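The block underneath contains the structure these notes are about, expressed in C-alpha coordinates.
Note that these values count all heavy atoms, side chains included, but never hydrogens, waters or copies made by symmetry. Predicted, not measured: the structure shown is a model, and the values here were computed from it.
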Amino acid sequence: MGVKVSIGEMLPCTAMIIIEACTIFLTIMASTAMSKLGMSSFVFVVYKNALSFIFLIPFSFLFHGRDKTEESLFTFPLLLRAFFLGLVGVTVAQNLAFAGLSYSSPIVACGAANMIPAFSFIIAIILRFFLRTYLLFHLNYYGQRKYT
(Lines give C-alpha, C1' and ligand atoms only; values in the text may rest on other atoms or scores of the structure.)
Protein backbone atom coordinates (compact mmCIF):
# COMPACT_ATOMS: atom_id res chain seq x y z
CA MET A 1 0.00 0.00 0.00
CA GLY A 2 2.58 2.51 -1.08
CA VAL A 3 1.82 5.99 -2.11
CA LYS A 4 2.26 6.61 -5.82
CA VAL A 5 3.20 10.15 -6.72
CA SER A 6 3.69 11.27 -10.27
CA ILE A 7 6.33 13.73 -11.38
CA GLY A 8 3.64 16.22 -12.45
CA GLU A 9 2.27 16.38 -8.91
CA MET A 10 5.68 16.94 -7.32
CA LEU A 11 6.96 19.46 -9.87
CA PRO A 12 5.32 22.63 -8.43
CA CYS A 13 6.50 21.87 -4.89
CA THR A 14 10.00 21.03 -6.09
CA ALA A 15 10.20 24.20 -8.18
CA MET A 16 9.07 26.29 -5.21
CA ILE A 17 11.76 24.77 -2.97
CA ILE A 18 14.46 25.30 -5.60
CA ILE A 19 13.46 28.94 -6.15
CA GLU A 20 13.40 29.62 -2.41
CA ALA A 21 16.85 28.04 -2.03
CA CYS A 22 18.17 30.21 -4.89
CA THR A 23 16.68 33.30 -3.24
CA ILE A 24 18.36 32.51 0.07
CA PHE A 25 21.68 31.77 -1.67
CA LEU A 26 21.59 35.02 -3.65
CA THR A 27 20.65 37.03 -0.55
CA ILE A 28 23.58 35.53 1.37
CA MET A 29 25.90 36.34 -1.56
CA ALA A 30 24.59 39.92 -1.71
CA SER A 31 25.10 40.32 2.03
CA THR A 32 28.65 38.99 1.72
CA ALA A 33 29.44 41.31 -1.19
CA MET A 34 28.13 44.33 0.70
CA SER A 35 29.61 43.61 4.11
CA LYS A 36 32.94 41.90 3.41
CA LEU A 37 33.85 43.51 0.08
CA GLY A 38 32.42 46.92 0.91
CA MET A 39 30.15 47.25 -2.13
CA SER A 40 27.45 49.90 -1.86
CA SER A 41 23.88 48.63 -2.01
CA PHE A 42 23.07 51.19 -4.73
CA VAL A 43 25.93 49.96 -6.92
CA PHE A 44 24.83 46.38 -6.30
CA VAL A 45 21.32 47.19 -7.55
CA VAL A 46 22.72 48.78 -10.72
CA TYR A 47 24.94 45.75 -11.40
CA LYS A 48 22.08 43.37 -10.69
CA ASN A 49 19.69 45.13 -13.09
CA ALA A 50 22.35 45.51 -15.80
CA LEU A 51 23.28 41.84 -15.58
CA SER A 52 19.64 40.75 -15.74
CA PHE A 53 19.09 43.00 -18.78
CA ILE A 54 22.10 41.52 -20.56
CA PHE A 55 20.96 37.99 -19.69
CA LEU A 56 17.28 38.43 -20.67
CA ILE A 57 17.49 40.55 -23.86
CA PRO A 58 18.67 37.65 -26.10
CA PHE A 59 15.60 35.64 -25.08
CA SER A 60 13.38 38.51 -26.21
CA PHE A 61 14.95 38.46 -29.65
CA LEU A 62 14.89 34.66 -29.73
CA PHE A 63 11.20 34.28 -28.88
CA HIS A 64 9.84 37.45 -30.52
CA GLY A 65 12.25 37.94 -33.40
CA ARG A 66 9.80 36.61 -35.98
CA ASP A 67 6.89 38.76 -34.79
CA LYS A 68 7.17 41.53 -37.37
CA THR A 69 4.56 44.24 -37.68
CA GLU A 70 4.23 47.26 -39.90
CA GLU A 71 4.95 49.73 -37.13
CA SER A 72 7.23 49.41 -34.16
CA LEU A 73 5.72 48.15 -30.92
CA PHE A 74 8.27 50.05 -28.86
CA THR A 75 7.28 53.68 -29.14
CA PHE A 76 9.04 56.37 -27.18
CA PRO A 77 6.13 56.99 -24.74
CA LEU A 78 5.91 53.25 -24.03
CA LEU A 79 9.65 52.99 -23.35
CA LEU A 80 9.48 56.10 -21.16
CA ARG A 81 6.63 54.60 -19.12
CA ALA A 82 8.47 51.30 -18.74
CA PHE A 83 11.60 53.16 -17.63
CA PHE A 84 9.78 55.15 -14.96
CA LEU A 85 7.83 52.09 -13.81
CA GLY A 86 11.06 50.15 -13.40
CA LEU A 87 12.75 53.10 -11.72
CA VAL A 88 9.98 53.74 -9.21
CA GLY A 89 8.77 50.21 -8.61
CA VAL A 90 11.56 47.67 -8.78
CA THR A 91 14.62 49.83 -8.21
CA VAL A 92 13.29 51.57 -5.12
CA ALA A 93 12.15 48.23 -3.67
CA GLN A 94 15.55 46.67 -4.33
CA ASN A 95 17.39 49.63 -2.83
CA LEU A 96 15.26 49.47 0.30
CA ALA A 97 15.67 45.69 0.55
CA PHE A 98 19.45 45.83 0.25
CA ALA A 99 19.68 48.78 2.64
CA GLY A 100 17.72 46.71 5.16
CA LEU A 101 19.96 43.75 4.42
CA SER A 102 23.01 45.77 5.45
CA TYR A 103 21.42 46.27 8.90
CA SER A 104 20.23 42.69 9.47
CA SER A 105 20.93 39.10 8.49
CA PRO A 106 20.07 37.46 5.15
CA ILE A 107 17.57 35.16 6.86
CA VAL A 108 15.58 38.14 8.16
CA ALA A 109 15.63 39.68 4.66
CA CYS A 110 14.30 36.46 3.08
CA GLY A 111 11.63 36.19 5.77
CA ALA A 112 10.58 39.80 5.22
CA ALA A 113 10.34 39.21 1.47
CA ASN A 114 8.05 36.26 2.09
CA MET A 115 5.82 38.41 4.34
CA ILE A 116 5.08 41.01 1.64
CA PRO A 117 1.90 39.28 0.37
CA ALA A 118 0.55 39.02 3.93
CA PHE A 119 1.22 42.71 4.63
CA SER A 120 -0.39 43.66 1.31
CA PHE A 121 -3.49 41.66 2.23
CA ILE A 122 -3.77 43.27 5.68
CA ILE A 123 -3.30 46.78 4.24
CA ALA A 124 -5.96 46.06 1.59
CA ILE A 125 -8.42 44.99 4.29
CA ILE A 126 -7.72 48.11 6.37
CA LEU A 127 -8.01 50.46 3.40
CA ARG A 128 -11.21 48.81 2.21
CA PHE A 129 -12.72 49.27 5.67
CA PHE A 130 -11.78 52.96 5.81
CA LEU A 131 -12.93 53.57 2.24
CA ARG A 132 -16.28 51.93 2.94
CA THR A 133 -16.66 53.99 6.12
CA TYR A 134 -15.79 57.21 4.25
CA LEU A 135 -18.23 56.47 1.45
CA LEU A 136 -20.98 55.55 3.91
CA PHE A 137 -20.75 58.70 6.01
CA HIS A 138 -19.62 61.34 3.50
CA LEU A 139 -21.46 60.50 0.29
CA ASN A 140 -25.19 60.28 -0.33
CA TYR A 141 -27.01 57.71 -2.43
CA TYR A 142 -26.13 59.41 -5.74
CA GLY A 143 -22.39 59.63 -5.07
CA GLN A 144 -22.45 63.32 -4.23
CA ARG A 145 -20.84 64.75 -1.13
CA LYS A 146 -23.12 65.38 1.85
CA TYR A 147 -23.07 68.83 3.38
CA THR A 148 -24.44 68.69 6.89
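The SG atom of C22 sits 12.0 Å away from the CD1 atom of I17 when rounded to the nearest 0.5 Å. The distance from atom CG of L85 to atom CG of L80, rounded to the nearest 0.5 Å, is 11.5 Å. The OG1 atom of T14 sits 11.0 Å away from atom CD1 of I19, with the distance rounded to the nearest 0.5 Å. Rounded to the nearest 0.5 Å, atoms CG (L101) and CD1 (I107) are 10.5 Å apart. Note: L56 CG to L62 CG = 12.0 Å, rounded to the nearest 0.5 Å. Rounding to the nearest 0.5 angstrom, the gap separating the CD1 atom in I116 from the CD1 atom in I123 is 10.5 Å.
T91 places no side-chain N or O within donor-acceptor distance of the main-chain N or O of V88, the cut-off being under 3.5 Å.
Sorted by first then second residue, the ring-ring contact (aromatic ring centres under 6.0 Å, His included) pairs that include residues 80-128, not counting sequence neighbours, are F44-F98.
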Show me the donor-acceptor pairs within less than 3.5 Å that the side chains of residues 29-43 make with the rest of the protein, sequence neighbours left out.
residue: T32; atom: OG1; partner: I28; partner atom: O; Å: 2.8
residue: S35; atom: OG; partner: S31; partner atom: O; Å: 2.8
residue: S40; atom: OG; partner: F42; partner atom: N; Å: 3.3

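Taking every heavy atom of both residues into account, P58 and I54 meet most closely at CD-O, 3.2 Å.
Residues meeting the side chain to side chain donor-acceptor pair (under 3.5 Å) test with N49, sequence neighbours left out: Q94.
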